[in-house]
Amino acid sequence: MWADTLLIVFISICTALLGEGLTWVMVYRTEKYQKLKAEVEKQSKKLEKRKEIHGDSLDKQHKKKIEREEERLKNNNRDLSFVKMKSMFAIGFAFTALLSMFNSIFDGRVVARLPFLPLNWIQGLSHRNLPGEDFYDCSFIFLYILCTMSIRQNIQKLLGFAPSRAVSKQGNSLFGTGPAQFK
Amino acid sequence: MDGKTTSKAPRNAETPVISSAWSRALSSNASWPDKEEFLDVIYWARQALGVLLGIVWGLIPLKGLLGLLLFVVINAGIIYFYCSSFQNVDEEEYGGAWELTKEGFMTSFAGFLVTWIIIYSGLYYDVEKYA
């Protein structure tokens, strides 16, 4: 059991590094991406500051300025997503192939024993392709997803590839409740 | 607000080298001029805590919903205590207690589950059953 679980952790470290490496080659190191990223970060911070200062004020001029900056940030964010998209597709295909290969290697194999009973809608994942009805048995895919969730993000953060908080905050507010407060 | 802080501290007290994030993280009431840095400390503390709790839960072994709930309570509790009592930071500066409580939570939870599952199944699971 140790062998299987540790192997899965190792696989997920390797795939996370491979994914980041490929993204670096195809996206992160390109001048266009770096320029756009710097721009988005600068704008996000500026917008955050402006909102902090003038967020509650009812002054129409400030509201308009903030809206204009939000629009500009949205456009830049969209451009950034386009730059990333190409490599995301390539990596997506490569990883789907890899995953199906690992899936067939671990097919029907109980790789770990869960210390808890997963919720109903997770059981389809945690018990995927496993024989029997014992839902404490853990499939490869469940452990792999958990490993990836934890390892990939930490690797991104360690390497400095994770998006900064200001950007994700502004990004969320652009698609969430943010703009409503200025209406 | 800025005027308040500068008038409080003598000018030359600010010029010495600001100690590293590590030492500030471990000393109480440290000053955090860079918000991002403090959030990073919270993030990494949470990751370490997640793995540590996963190892302990696996060794005991704790099972079921109790293990999951205890993790959530301890993880959130320790970080909340660290921010509000040990470092005495103003939560509002970081967007409220919720922002601090959820910083890096999901990643930490995933790390916790992985270590808990690995240690638990490695130590207590009968492999022969499926052999």
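In this structure, CG on B:L65 lies 10.0 Å from CG on A:L117, to the nearest 0.5 angstrom. Taken from OG in B:S121 to CG in A:D4, the straight-line distance is 9.5 Å, to the nearest 0.5 Å.
Using a 4.5 Å cut-off on side-chain heavy atoms (C-beta onward), A:M149 and B:F109 make no contact. Contact of the A:F116 side chain with the B:L68 side chain is registered, since non-hydrogen atoms from C-beta on lie closer than 4.5 Å. Counting heavy atoms from C-beta outward, A:W2 and B:L123 have side chains that approach closer than 4.5 Å. Proximity of B:W44 to A:L158: side-chain heavy atoms (C-beta onward) are separated by under 4.5 Å at one or more points.
In the displayed structure, A:F82 atom CZ is contacted under 6.0 Å by at most 12 heavy atoms of other residues, nucleotides or ligands.
For the pair B:D40 and A:K157, the tightest heavy-atom approach, listed with the atom from each and the gap, is OD1-NZ, 3.4 Å. Contact detail for A:Q153 and B:Y43: the closest heavy-atom pair is CG-OH, 3.4 Å.
Between chain B and the options A:P115, A:S150, A:A112, heavy-atom pairs under 4.5 Å are most frequent for A:P115.
Neither the backbone nor the side chain of A:V111 comes within contact range of chain B; no heavy atoms are under 4.5 Å apart. If you measure heavy-atom distances from B:E36 to chain A, the contacts under 4.5 Å come from both the backbone and the side chain.
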